[in-house]
Number of protein chains: 2
Amino acid sequence: MIETRLRSMLDEGAEKRPSQTRKATVLLREMVISNKLLPGSMHLESELAELLAMSRTPVREAAIILEGQGLVEVIPRRGIKIVPLSVADMEEIYSILTELESLAAYDVARKGPEADDIAELRSHTDDMDAALKDDDRAAWAEADHAFHSKLVAMTGNRRLISIVATYSDQVHRARLLTLHMRPKPYKSNADHRALVDAIAAGEADRAREIHRDHRVAAKNLMIGLIATHGLSAL
Amino acid sequence: MIETRLRSMLDEGAEKRPSQTRKATVLLREMVISNKLLPGSMHLESELAELLAMSRTPVREAAIILEGQGLVEVIPRRGIKIVPLSVADMEEIYSILTELESLAAYDVARKGPEADDIAELRSHTDDMDAALKDDDRAAWAEADHAFHSKLVAMTGNRRLISIVATYSDQVHRARLLTLHMRPKPYKSNADHRALVDAIAAGEADRAREIHRDHRVAAKNLMIGLIATHGLSAL
DNA sequence: GGCGTTGACAATGTATACGTTAATGCATAC
DNA sequence: GTATGCATTAACGTATACATTGTCAACGCC
């Protein structure tokens, strides 16, 4: 079977020749979402080229790609700007993620998921519980992310997967920052379990509502934390 | 006021220096969505560069940008492929558009739109009615598109606007093709009116449902037409 | 007759050169 | 002191050169 693929949008992590452009894209993305390159900072093409030990061309191409993903902004003669997120930006993003992940929950519940997939979701919730017990927030965040990713992946909708990944990247820094500020996420774990139950039972509308409420709560929590701590942009 | 912008993602049609890269991007996009470059066809960088009377560099950059928007796929040494859409692809896209536009309807209704904006929506529905009376399908499609764009724009959510624009582009060809195959869209016009009424009345949940049903119907209609006519990809 | 191998070739990926353009600072006028 | 205009120059946008690499077909082996 010949697959027609939309590579950059849909195959995210797929095999690719490790071209300089690809390396630059991957490295820059990681530096951005992990806060190695600070939000709002500007970097000349030549500076990044030197940093990555390559010429301007692949850096430039990587910048175009990452601009398409909303992580940087190319400003002629000023440099490549690491896009900072305001609270308003986060609200935009969370609205979209809420809606699309809720759609995912609905679709997955409706089409009746494989037992294997349900088991994987449950294993992620188990990991979350374990992490909560150990008070290991990094592990919790990782399991939480794995759960959400798996849920979306189960739809099989490649474009949906791509959009959610893109916007999750954009709020990644904010999640990192608030991870240690939030109260222990007992409620969140309970939400995840309830969602899996609804999905397993094929209750699509209920799954959608559970997930929507879950996401709205997460958004409010995060925005509250950011406002409380007087962070205007990050 | 210094505006922090996410240009490529969020400012779609904004002012930009008419660089060669920009020209290439705009021209190629139009050639793709208007079927000047046929779905599935492949084009070498050098071929497009000659066609557009510029060097390979801006063509290459445009290809990267359009790949990020799902319109083309860059296949090393084979060329730039105009991405064809299968029925499955269209279902993916319509699911997303349905969900996000329904969110838009909800948000707009909830926050209470300006009278001006409501008036503009109504003027688009008037145009649709006029076009329907004249049996001018091109005008109808244009007014329909203007209505949907305006609705989404009214949210003020730039990312939402960007995503909807991107995926609308992807199904543009299919809309062109089915425009003259579908029955006269009386129901569609009625849906739009009902939606505006719900929004004007601030009935957010109802607006969401009306729009969702509207979109689902549109999707089923299109997919039915395509299946009926034995079109496997376009 | 089909399949793996090999080599020529074409297209790309990357670096680099260079002309253009806009940001910046300073001189000057008000 | 502030505003205006201009020169300077850094950075970019684009073209181009070249090495690399994947494709394709011819060839020979199985």
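Just so we're on the same page: letters track the sequence lines, and every chain starts at 1. What you see below is based on every heavy atom in this structure, not just the backbone, and it leaves out hydrogens, waters and symmetry mates.
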Taking only heavy atoms on the protein side, list every residue of residues 46-56 of chain A lying under 4.0 Å from any atom of DNA chain D, sorted numerically.
Arg56(A)

Can you check the [X] [atom1] to [N] [atom2] distance for me, whole Å?
{"X": "Ile64(B)", "N": "dT12(C)", "atom1": "CD1", "atom2": "C1'", "answer": "12 Å"}
{"X": "Ile75(B)", "N": "dA10(C)", "atom1": "CD1", "atom2": "C1'", "answer": "17 Å"}
{"X": "Met42(A)", "N": "dA11(D)", "atom1": "CE", "atom2": "C1'", "answer": "12 Å"}
{"X": "Lys23(B)", "N": "dG13(D)", "atom1": "NZ", "atom2": "P", "answer": "14 Å"}
{"X": "Arg22(A)", "N": "dT20(D)", "atom1": "CZ", "atom2": "C1'", "answer": "19 Å"}
{"X": "Gln20(A)", "N": "dA19(D)", "atom1": "CD", "atom2": "C1'", "answer": "13 Å"}
{"X": "Glu45(A)", "N": "dT14(D)", "atom1": "CD", "atom2": "P", "answer": "11 Å"}
{"X": "Glu67(B)", "N": "dG13(C)", "atom1": "CD", "atom2": "C1'", "answer": "15 Å"}

Looking at dT21(D), does its base get a donor-acceptor pair with the side chain of Arg77(B) below 3.5 Å?
yes

May I ask you to verify if any side-chain N or O of Thr21(B) is less than 4.0 angstrom from the OP1 or OP2 atom of dG13(D)?
no

Please determine if a side-chain N or O atom of Arg60(A) lies less than 4.0 Å away from the OP1 or OP2 oxygen of dG13(D).
yes

Tell me which nucleotide among [options] gets nearest to the side chain of [X].
{"X": "Thr57(B)", "options": "dT14(C), dC12(D), dT16(D)", "value": "dT16(D)"}
{"X": "Arg78(A)", "options": "dA11(D), dT24(C), dA15(C)", "value": "dT24(C)"}
{"X": "Ser19(B)", "options": "dC12(D), dT14(C), dT14(D)", "value": "dT14(D)"}
{"X": "Glu61(A)", "options": "dT14(D), dG13(D), dT14(C)", "value": "dT14(C)"}

Under the salt bridge (Lys or Arg N to Asp or Glu O under 4.0 Å) test, residues paired with [X] that sit two or more places apart:
{"X": "Asp107(B)", "result": "Arg110(B)"}
{"X": "Lys23(A)", "result": "none"}
{"X": "Asp136(A)", "result": "none"}
{"X": "Glu61(A)", "result": "Arg60(B)"}

So the ring pair (Phe, Tyr, Trp, His ring centres under 6.0 Å) pairs with at least one residue in residues 142-162 of chain A (sequence neighbours excluded) are Phe147(A)-His192(A), His148(A)-His192(A), His148(A)-His211(A), His148(A)-His214(A)

Does Glu120(A) CD have over 12 foreign heavy atoms under 6.0 Å away?
yes

Are Glu92(A) and Leu160(B) packed together at the side-chain level, in the sense that at least one heavy-atom pair is separated by less than 4.5 angstrom?
no

